[in-house]
Amino acid sequence: MNFYHYISFPFRDEDWIKKILLGCVISIVPVLNLLSLCYFVECMKFGMAGRQSLPEWERWEDFVREGIIAFLISLGYLLVPLLLAFPLLHIPMVGVFLVSIIILTIGMIIPLAIANYLKDHYPMDAINIKEIFYMMNRVATNYIPAYFMAVFLMALGLTIVFLLPYLSFLGVLLIFYCGMIFFHFTGSLLNSRI
């Protein structure tokens, strides 16, 4: 798998500066930043369709509907670690480690659950664990390293936002760029394995 191809794909779009900067500005505004997730879902759809360009910031009704469904899917999956966090965090040191592992594992499943939903737009597909693990098994070699790299870079972006306020826009840029790349990559990976 040529990772450079996926990392550089946004720059092949003639309006890449406008689209990425708009995404960064939207990401900064509370509540409106949900549209970033909407955009990531569009990037995944483009990847699943084999398109090597960035989505336009348009078709707001579909855009927002898909993003809200993706948000609800994510929230549903994140309830598991949140419910487990309360009892586990009472175990000194080991509890934090276990909660971190659970969150990283659930985080790895969420994009695949969203992708499974996007295949037929049937909400129950998002919780079809058998199909999601089948998808994971087909793409694990490339997906897992890409997931951990995205998590690392997004964590770095958050660190920049919180610790270096004068450079916070660079942190937001890193987070938005990683989200676009990772979701498009995941869609492309699934497209090549379907």
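Just so you know, residue 1 is the first one in the sequence shown, and it goes up from there.
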| Who are the side-chain contact (heavy atoms from CB on, under 4.5 Å) partners of I68, not counting sequence neighbours? | L34, V64, L72
| task | Using side chain to side chain donor-acceptor pair (under 3.5 Å) as the criterion, list what pairs up with T159, not counting sequence neighbours. | result | none
| task | For A150, check side-chain contact (heavy atoms from CB on, under 4.5 Å) against everything at least two apart and list the hits. | result | F182
| Who pairs with I73 by side-chain contact (heavy atoms from CB on, under 4.5 Å), at least two apart in sequence or on another chain? | I69, Y77, A113, I114, Y117, A126
| task | Could you pull out all residues at least two apart from S36 that satisfy side chain to side chain donor-acceptor pair (under 3.5 Å)? | result | S27
| task | Quick one: list whatever passes side chain to side chain donor-acceptor pair (under 3.5 Å) with R51, sequence neighbours left out. | result | none
| Verify same cluster id: M124, L118 (apolar side-chain graph, 4.5 Å) | yes
Table please: side-chain donor-acceptor pairs of residues 92-106 below 3.5 Å, with sequence neighbours left out.
| from | atom 1 | to | atom 2 | distance (Å) |
| --- | --- | --- | --- | --- |
| S100 | OG | V96 | O | 2.8 |
| T105 | OG1 | I101 | O | 2.8 |

| query | Considering residues at least two apart in sequence or located in another chain, which fulfil the ring pair (Phe, Tyr, Trp, His ring centres under 6.0 Å) criterion with H90? | reply | none
| request: Please name all residues satisfying side-chain contact (heavy atoms from CB on, under 4.5 Å) with D13, sequence neighbours left out, ordered by chain then number. | output: D15, W16, K19, S53, L54
| request: Quick one: list whatever passes ring pair (Phe, Tyr, Trp, His ring centres under 6.0 Å) with Y39, sequence neighbours left out. | output: W57, F176
| note | The complete set of salt bridge (Lys or Arg N to Asp or Glu O under 4.0 Å) pairs with one or both residues in residues 29-45, sequence neighbours excluded, reads E42-K45, E42-R59, K45-E66
| What residues form a salt bridge (charged side-chain N to carboxylate O under 4.0 Å, His left out) with R12, not counting sequence neighbours? | none
